[in-house]
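Accompanying notes for the structure given below.
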Amino acid sequence: MSDEPEIERLRACGVVPVVVIDDAHVAVPLARALLAGGIDVIEVTLRRPAALNALETIAREVPEILAVAGTVVTPAQVADVQQAGAQAVVSPGFSEAVDDAMRAAGLPWLPGVATASDCMRAVSTGRLTCKFFPAEQAGGTATLKALSGPFPQLRFCPTGGVSLGNLADYLALKQVICVGGSWLVPADAIANRDWARVTQLAREASEKVAIIRG
Ligand code: 3PG
């Protein structure tokens with residue numbers, strides 16, 4: 001288990017909004033809308049040209065939220081997100097090149113795992129907190145429980161097909177520190193600048209986490 005403070009922030013929040021940002025101007029109101037709903041972490045995915053600007057803007061202007069970079073798949077992107085101020089990095093899978101770059105960057109990294117072979121690589125390189133991706137498509141909680149047999153030291157952030165409807169199933173597992181998902185920040189809510197809706201979705205999720213954790 002990692003004791004990095006950023007990982008503890010993810011665990012404490014319980015839910016990581018996975019966001020796709022097309023226009024960096026939405027970054028600050030979006031981050032503030034999440035905070036207003038009780039979610040103080042955000043994963044900005046590198047899936048659009050605006051992502052690095054968005055990440056940099058959030059890191060600079062909304063320091064209350066943990067700025068996480070997602071969909072990081074190359075060493076060059078590691079350098080880019082570190083420069084932008086990312087405080088942690090998430091990848092959909094594992095590569096030696098990104099592992100090396102992350103070690104050099106000195107930031108927490110959650111590589112993606114979905115199979116026992118992936119888990120063996122994560123354990124052998126000391127990456128003990130992983131994204132379980134794509135969670136539902138890879139078999140959901142049943143697969144997670146099975147993987148935890150041989151790999152009890154791994155902790156997971158299941159992402160992919162997670163929603164308000166099934167997050168309790170994941171968070172009930174002791175090996176799950178948090179879940180990730182895009183449901184908190186729908187594309188149409190961003191397009192319409194509907195920050196009240198984002199806050200409402202964040203509040204529903206954060207309240208559910210609080211209830212689950214008692
Ligand atoms: C991710 O990259 O983490 C996933 O695309 C998020 O999956 P979801 O859209 O099913 O939440």
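Whatever order the structure lists ligands and atoms in, that order sets their numbers, starting from 1.
- Ring geometry, W109 versus F94: the interplanar angle falls from 30° to 60°, so the pair is classed tilted.
- Between G161 and ligand 1, an N or O atom pair is found at a separation short of 3.5 Å.
- The closest approach between any non-hydrogen atom of G180 and ligand 1 is not below 4.0 Å.
- Looking only at protein heavy atoms, the nearest one to atom 6 (C) of ligand 1 is T159 CG2, 3.8 Å.
- Taking any N or O of S182, backbone or side chain, at least one lies under 3.5 Å from an N or O belonging to ligand 1.
- No side-chain N or O of Y170 forms a donor-acceptor pair with one of Q175 less than 3.5 Å apart.
- For atom 7 (O) of ligand 1, the nearest protein heavy atom (residue, atom name, distance) is G160 CA, 3.5 Å.
- For the pairing with C178, the side chain to side chain contact (heavy atoms under 4.5 Å, CB included) check across V15, V209, V16 returns one residue only, V16.
- Of the possible polar contacts, one joining the D23 side chain to the H25 backbone as a donor-acceptor pair under 3.5 Å is found.
- Taking every non-hydrogen atom of G181 and a distance limit under 4.0 Å, the qualifying atoms of ligand 1 come out as 11 (O).
- For E8 and R11, the salt-bridge test passes: some basic side-chain N is under 4.0 Å from an acidic carboxylate O.
- In this structure, R121 pairs ionically with E96, as a charged nitrogen and a carboxylate oxygen lie closer than 4.0 Å.
- The shortest contact between atom 4 (C) of ligand 1 and any protein heavy atom is with F133 CE1, 3.7 Å.
- In this model, a donor atom of one side chain and an acceptor atom of the other lie less than 3.5 Å apart for R47 and T71.
- Under a 4.0 Å heavy-atom criterion, R47 is in contact with ligand 1.
- For atom 3 (O) of ligand 1, the closest non-hydrogen atom of the protein is K131 NZ, 2.7 Å.
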